[in-house]
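Counting begins at 1 with the first residue of the sequence.
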Amino acid sequence: MSIILTRPRISRRKKAFVAKGAALATLMALSACDLAPAYQAPHFIVPASWHGQGLFHEAQPQETVIRSDWWTQFNDPTLNTLEAQAMDGNADLQAAAERFIQARSIVMEARSDLLPHFALAFGSSNNKSSSDRLFRYKGPITATDEFYGGMASWEPDIWSSIRNRVRAQKYYAQAQAAEYASARLSLQAELATDFFALRGLDAQNAIYEQSISYYQQALRVTQTRLDNQDATGIDVARAKNQLYMTQARQLDVQAQREMLEHALAVLVNASPSSFHIPQIADQDAAEPVFPLGIPSELLQRRPDIAVAEREMAQANRAVGIARAAFYPHVSFNANGGFDANGFDLANLANSMWSYGASVTMPLFEGGLRRAQLQRTWSNYRETRDHYRMAVLSAFKDIENGLSMTARLRAENSRLKQAVDAAMQSQTLTMTLYKGGADGYLDALIAQVNTLDARIEQAQVQARALQAAVGMVRALGGGWNDKLLPSPDQTMTFTGFQYEGLHHPTPAGGIDIPPNPEQYENLTTTEPTRPITGAKTGTPAPSKN
């Protein structure tokens, strides 16, 4: 049901103005009504300390949290350069930043409904009627019409429906800022993980090179002994098999390295065909020790938890919007101008105007409003469940990381001891074989054991570094929720700002390149120059 209140003209009586003032004051008082339920993020009982132990330690009062450029603590200049390039030019990261900008624009769209809307209208037409039309009026069959005027409309936000929409969009923009932080941390961690996997393959390739050289020498020794009838043909066949299998395994490692190099090229916005990272023989990255902090701080340091919490706050405001739909909806409209059959528009006799108010009150809609309210309450409970699972998953990631870093470090230490023992056995058995005191089968077994131990040790060392990266990611990578833009910072301009809108000011630590087109040619040459030979360079400054 809709009730329309109109008046043919504005009254000039004093009591009319008093009545209007009283009505406006009543509307302003009613506008303070907020039907959204009181919001408070759930509180969880968290443990006082962590269960696992690894390459991390309890943070002391004088220590800060993990640095935002945490990768520099691995002391690898090449990794530092790659991370800087990824933060500067990765397309997926820039797309996440643009989504934040779009969310800020949606805030301004929702906020515009709080203010009166004004518009101008003007036009002209020349009309002719058919002289043979049925029931034709005997007057002229041609006529002109010119008009211009203005229009205004305003909806008082009595039940805070509009303001709750604005607040919900602000929370959405904050969630997008946290999504950006999560995407940035994921990019940093993925790049570091792939980089250490590549360095692990470099170490394996160097081991295969050394082993192949050793097996070629062993094959020559075996062939010489066969020529001197001190060995059998089976010893030569075994030596050849060991050599060829090792060469095949090396080719597989080289193929894996090339694919990882291509993946790293994409992450740093470079063309895979022109991107190259020089190989090194040893994996010499440091194993840093990061401050672990206390469990209660984790809720403020994980961007994904911040996303879940902001989504919950947004769903809370949606309940208030659904509640407001049960109450009367009020709007004011006014328009006026001049309309004439000709160009004599300035004549007051040709003026026209109207103003009025409309009140819409839902009476019966078949349960539509109740269904919408129930849906918003269910959606809010769903976001609470997602928030709870995000918190539990975060604690699981920490405990898994502590277990992995501790166990892999111990495993790597044991494997180094196994490699030393295998190398000693390989040397002794080969010496005995050359002297004729032992068969080649024992020497071959020692060679296989040595190669397997060395390869496994290189793999575990790379996994240990990757586990450290995963642990940093689980701890939030130096991020905290204080970096989120405040609700007011999500607004990009004022109501009367009409310039400087192409790139809004940064908010929440999200930097947008002033000229994104500068990266169109970056994929051809630019990324390859600082990487080649970067092992002797200095770490690139972080833009994080």
Smallest separation among heavy atoms of Met87 and Arg184, with atom names: SD-CG, 3.5 Å

Exactly one of Ile455, Leu415, Leu465 should register a side chain to side chain contact (heavy atoms under 4.5 Å, CB included) with Val460. Which one does? Leu415

Quick check for you: to the nearest 0.5 Å, what is the distance between Asn412 atom CG and Gln417 atom CD? 10.5 Å

Which side chain to side chain donor-acceptor pair (under 3.5 Å) pairs, counting each pair once, include a residue from residues 473-488, with sequence neighbours left out? Ser186-Arg473

Regarding Arg249 and Asp252, does a basic nitrogen lie under 4.0 Å from an acidic carboxylate oxygen? no

Within this structure, what is the CG-CZ distance for the pair Leu475 and Arg301, rounded to the nearest 0.5 Å? 9.5 Å

Qualifying residue, where the test is side chain to side chain contact (heavy atoms under 4.5 Å, CB included) with Glu190 and the options are Leu267, Leu264, Leu185: Leu267

Measuring from Lys240:NZ to Leu219:CG, what's the distance to the nearest 0.5 Å? 6.5 Å

Contact summary for Thr78 and Asp76, nearest pair of heavy atoms: N-OD1, 3.0 Å

Residues in side-chain contact (heavy atoms from CB on, under 4.5 Å) with Asp202, at least two apart? Leu198, Arg199, Arg257, Gln279, Ile280

Here the gap from Thr450 atom OG1 to Ile445 atom CD1, rounded to the nearest 0.5 Å, amounts to 11.5 Å

Enclosure of Glu209 CD (heavy-atom neighbours >12, cutoff 6.0 Å): yes

Just by distance, no angles: are the side chains of Gln314 and Tyr172 close enough, under 3.5 Å, to form a donor-acceptor pair? no

Cation-pi check, Arg225 onto Tyr433 ring (under 6.0 Å, within 45° of axis): yes

Just checking Ile234: does its CD1 atom have more than 12 heavy atoms from other residues, nucleotides or ligands closer to it than 6.0 angstrom? no

Could you check whether Arg167 and Asn164, counting side-chain N and O atoms only, form a donor-acceptor pair closer than 3.5 Å? yes

